[in-house]
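Reading through the structure tokens given below for one structure.
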Amino acid sequence: IKGSVWEFTTAGPNDSLWSWIDKIIPDYGQEPIRPGKNVRLGIVSWMYYFDGVELAPPERAQYVGPRFDMFFHDTIYWTPESIQTIRSINPAVCAFSMAWPTLCNERPEMLFGAVGGFDPATMSDWVLRTSGGVEVPSQLWDFGDTHYMDIGNLNWADHFRSRIMAELALFGSDGIVLDGTPMDGVYYLNIPGYSPLANYTTPTQVNDAIFQFMARITDPHDFILMDDRPAPYWANHYDALWGEDWFSYDSSLPWGSSVNWDLSVSYLETFSAAKRPYICQAWYHYGNRYELKFMVASYLLAKNSNSATFQPCPIGHPLAPSVPSEAPYDYTSYWVEVYEAELQAYPEIFDIELGDTLGSRYSVNTDLWARDFEHGKIYVNSSTSQTRVINLAEAMYDVDNNEITEVTLSPKTAAMLRKIPHPADLTKNYWIDFADYARFSLQWLNTDCAGPGFCDGADFEPDGDVDFDDLDFLLNVWLTGG
């Protein structure tokens with residue numbers, strides 16, 4: 001990181017395709033897609049189906065391009081051309097390819113994140129083995145010729161880097177997401193029938209090997225490395241965060257028993273302040289708008305730059321497919337039809353425009369937080385037991401355009417409020433200019449203005465007509481926010 005933006009300056013194998021050179025995360029108001037929308041969207045999805053029909057690569061590109069600031073892709077259902085199409089729509093997109101740091105196939109090509117090129121004659125010493133020399137089978141995915149690799153073997157790290165660099169050069173992606181990293185020895189230690197291992201007996205030994213692996217594959221540091229642990233012990237070793245477990249509303253949802261609201265918000269503040277890419281996945285029950293609003297408001301409370309993106313993960317959606325019995329958790333929200341249905345169901349939440357932030361979050365009361373924006377305000381009650389009542393200093397609109405002066409927040413709820421525009425702001429965009437004058441002129445000299453509309457708001461007094469008194473009212477706030 002140089003200054004406050006991403007600037008990777010080492011040339012890649014194909015400079016014309018590499019987008020991480022001078023990578024800049026756009027500031028508020030500079031977004032190529034969905035400009036001015038405070039909620040920036042990220043997507044982790046391998047299941048691009050609508051009505052049971054899978055989208056072809058060009059269709060995927062046309063879907064992702066105008067909606068998402070960050071996304072994962074594979075090498076099976078995406079093509080270099082489709083990634084370039086997305087970049088033509090959104091030049092600032094962050095595209096990540098997924099790779100398993102412990103899987104290698106004998107076939108030459110990369111398959112579902114498992115790099116290829118395993119040669120039994122020269123690479124057999126690179127695999128994970130027991131203390132008795134037995135090769136450990138894959139604890140993740142097995143594609144028939146998959147080998148489970150020793151993440152502490154530097155030869156394996158060099159091979160892994162060479163393969164992912166070739167993929168990044170081909171697709172023009174910004175970085176790699178590591179999935180299935182054996183953090184704290186998960187997937188490595190205490191495997192039934194394959195313990196103890198030859199090189200590892202403690203979680204610390206595995207972690208040290210992982211850190212060595214990460215340092216090796218990012219030397220030189222010419223791509224963005226993403227993994228999924230936000231704690232500094234881990235996150236200091238990579239650039240970006242896949243927050244698959246960013247937050248769950250309650251313990252009945254994936255990761256709900258282990259996620260802490262305060263930590264989730266704090267990690268998001270830290271990462272986004274440094275403009276480090278972050279996909280925040282939020283798990284809630286389908287159809288519960290209060291839960292979704294609490295998640296989005298918590299995200300906006302902590303988000304310090306557009307490097308932080310939000311992914312809704314509703315559980316129990318009627319459009320979702322059934323989950324296989326062996327699935328480790330309910331991942332049906334990765335079905336893109338579910339994602340799109342949520343975006344269409346709640347535009348008042350996902351498309352809210354509050355303007356730029358006016359500072360960081362601040363405490364109003366115990367477990368009650370607020371944040372001010374140019375055109376609105378966020379309140380979040382993170383308490384699990386206390387209800388809070390807030391008397392507003394001025395009337396504001398809630399997300400349903402109701403004018404309110406008081407907010408009651410039950411435990412784990414939030415309010416997303418917008419300022420009421422000046423009466424002369426006929427376009428309701430918090431700026432009075434020619435667009436408002438154009439609407440005003442359509443009612444000029446109308447003498448039949450009656451409530452509640454009063455000539456589409458142009459009769460400012462109101463006195464039943466649109467005349468020079470109303471024009472004077474408009475000109476007195478011309479080219480201001482009112």
Heavy-atom side-chain proximity of [X] to [Y] below 4.5 angstrom:
| X | Y | value |
| --- | --- | --- |
| S363 | W369 | yes |
| I151 | P182 | yes |
| V127 | Y148 | no |
| F118 | D145 | no |
| V206 | L197 | no |
| H285 | L253 | yes |
| F373 | N38 | yes |
| W261 | S298 | yes |

Shortest non-hydrogen contact from [X] toward [Y]:
| X | Y | value |
| --- | --- | --- |
| F171 | T79 | CE2-C, 3.6 Å |
| I164 | A99 | CG2-CB, 4.3 Å |
| P57 | Y77 | CG-O, 3.3 Å |
| C94 | D174 | CA-OD2, 3.1 Å |
| F271 | P230 | CE1-O, 3.9 Å |
| T332 | A320 | CB-CB, 3.4 Å |

* **Residues S131, T201; criterion side-chain contact (heavy atoms from CB on, under 4.5 Å); working and verdict** => CA-CA 10 Å; S131 58; T201 57; over 6 Å; no
When you check the gap from the basic side-chain N to the acidic O, do [X] and [Y] get nearer than 4.0 Å?
| X | Y | value |
| --- | --- | --- |
| D184 | R229 | yes |
| K37 | D69 | no |
| E353 | R34 | no |
| K412 | D367 | no |

Aromatic contact between [X] and [Y], with the criterion being ring centroids under 6.0 Å apart: yes or no?
| X | Y | value |
| --- | --- | --- |
| W242 | F72 | yes |
| F211 | W234 | yes |
| W78 | Y48 | yes |

[X] side chain vs [Y] backbone, donor-acceptor pair below 3.5 Å:
| X | Y | value |
| --- | --- | --- |
| S82 | A61 | no |
| N105 | R107 | no |
| Y346 | L292 | no |
| S88 | T85 | yes |
| R361 | V380 | no |
| Q311 | V44 | yes |
| S266 | D262 | no |
| T309 | L41 | no |
| D27 | Q30 | no |
| S248 | W283 | no |

* Of R289, E342, K293, E291, which meets side chain to side chain donor-acceptor pair (under 3.5 Å) against Y284? ->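 Of all the options given, the one that passes is E342.
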* Asked: Is there a side-chain contact (heavy atoms from CB on, under 4.5 Å) between D245 and D228 once you walk through the steps?
  -> CA-CA 8 Å; D245 60 350; D228 62 3; 5.7 Å; no
With rounding to the nearest 0.5 angstrom, report the [atom1] to [atom2] distance, [X] to [Y].
| X | Y | atom1 | atom2 | value |
| --- | --- | --- | --- | --- |
| I210 | D227 | CD1 | CG | 8.0 Å |
| L103 | S138 | CG | OG | 4.5 Å |
| L354 | I378 | CG | CD1 | 5.0 Å |
| F160 | N153 | CZ | CG | 13.5 Å |
| T357 | L301 | OG1 | CG | 11.0 Å |
| M110 | T75 | CE | OG1 | 6.0 Å |

* For side chain to side chain donor-acceptor pair (under 3.5 Å), just list the numbers for T204 and T202, CA-CA rounded to whole Å, side-chain angles, deciding distance to a tenth of an Å, and then say yes or no. => CA-CA 5 Å; T204 298; T202 68; 4.8 Å; no
* **Contacts of Y249 that satisfy ring pair (Phe, Tyr, Trp, His ring centres under 6.0 Å) - sequence neighbours left out** =>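 Residues passing ring pair (Phe, Tyr, Trp, His ring centres under 6.0 Å) with Y249: F294.
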* Using ring pair (Phe, Tyr, Trp, His ring centres under 6.0 Å) as the criterion, list what pairs up with Y63, not counting sequence neighbours. =>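 If we apply the ring pair (Phe, Tyr, Trp, His ring centres under 6.0 Å) test to Y63, skipping adjacent residues, the hits are F50, F68.
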* **side-chain contact (heavy atoms from CB on, under 4.5 Å) evaluation trace for R40 with K303** => CA-CA 10 Å; R40 310 312 302 173; K303 168 179 170 277; 3.8 Å; yes
* Asked: If you draw a 6.0 Å radius around CH2 in W255, do more than 12 non-hydrogen atoms from other residues or ligands fall strictly inside?
  ->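 Yes, because the 6.0 Å sphere around CH2 of W255 holds more than 12 heavy atoms from other groups.
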* Should the pair F310 and F350 be assigned to parallel (<30°), tilted (30 to 60°) or perpendicular (>60°) ring geometry? ->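 It falls in the tilted class, 30° to 60°.
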* Anything under 30° is parallel, anything over 60° is perpendicular, the rest tilted; go ahead and classify F143 against W141. =>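 Parallel.
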* Determine, stepwise, if the pair H237 / T218 fulfils side chain to side chain donor-acceptor pair (under 3.5 Å). => CA-CA 10 Å; H237 296 274; T218 54; over 6 Å; no
* If you look only at pairs with a residue in residues 185-199, which of them pass as a side chain to side chain donor-acceptor pair (under 3.5 Å), with sequence neighbours excluded? ->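 Side chain to side chain donor-acceptor pair (under 3.5 Å) check on residues 185-199 returns D150-N199.
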* To do: Verify side-chain contact (heavy atoms from CB on, under 4.5 Å) between S383 and R388, making sure each step is shown before the conclusion.
  => CA-CA 9 Å; S383 171; R388 300 296 185 190; 5.7 Å; no
* Please lay out, stage by stage, how Y331 and E244 fare under the test side chain to side chain donor-acceptor pair (under 3.5 Å). => CA-CA 10 Å; Y331 50 72; E244 189 174 24; over 6 Å; no
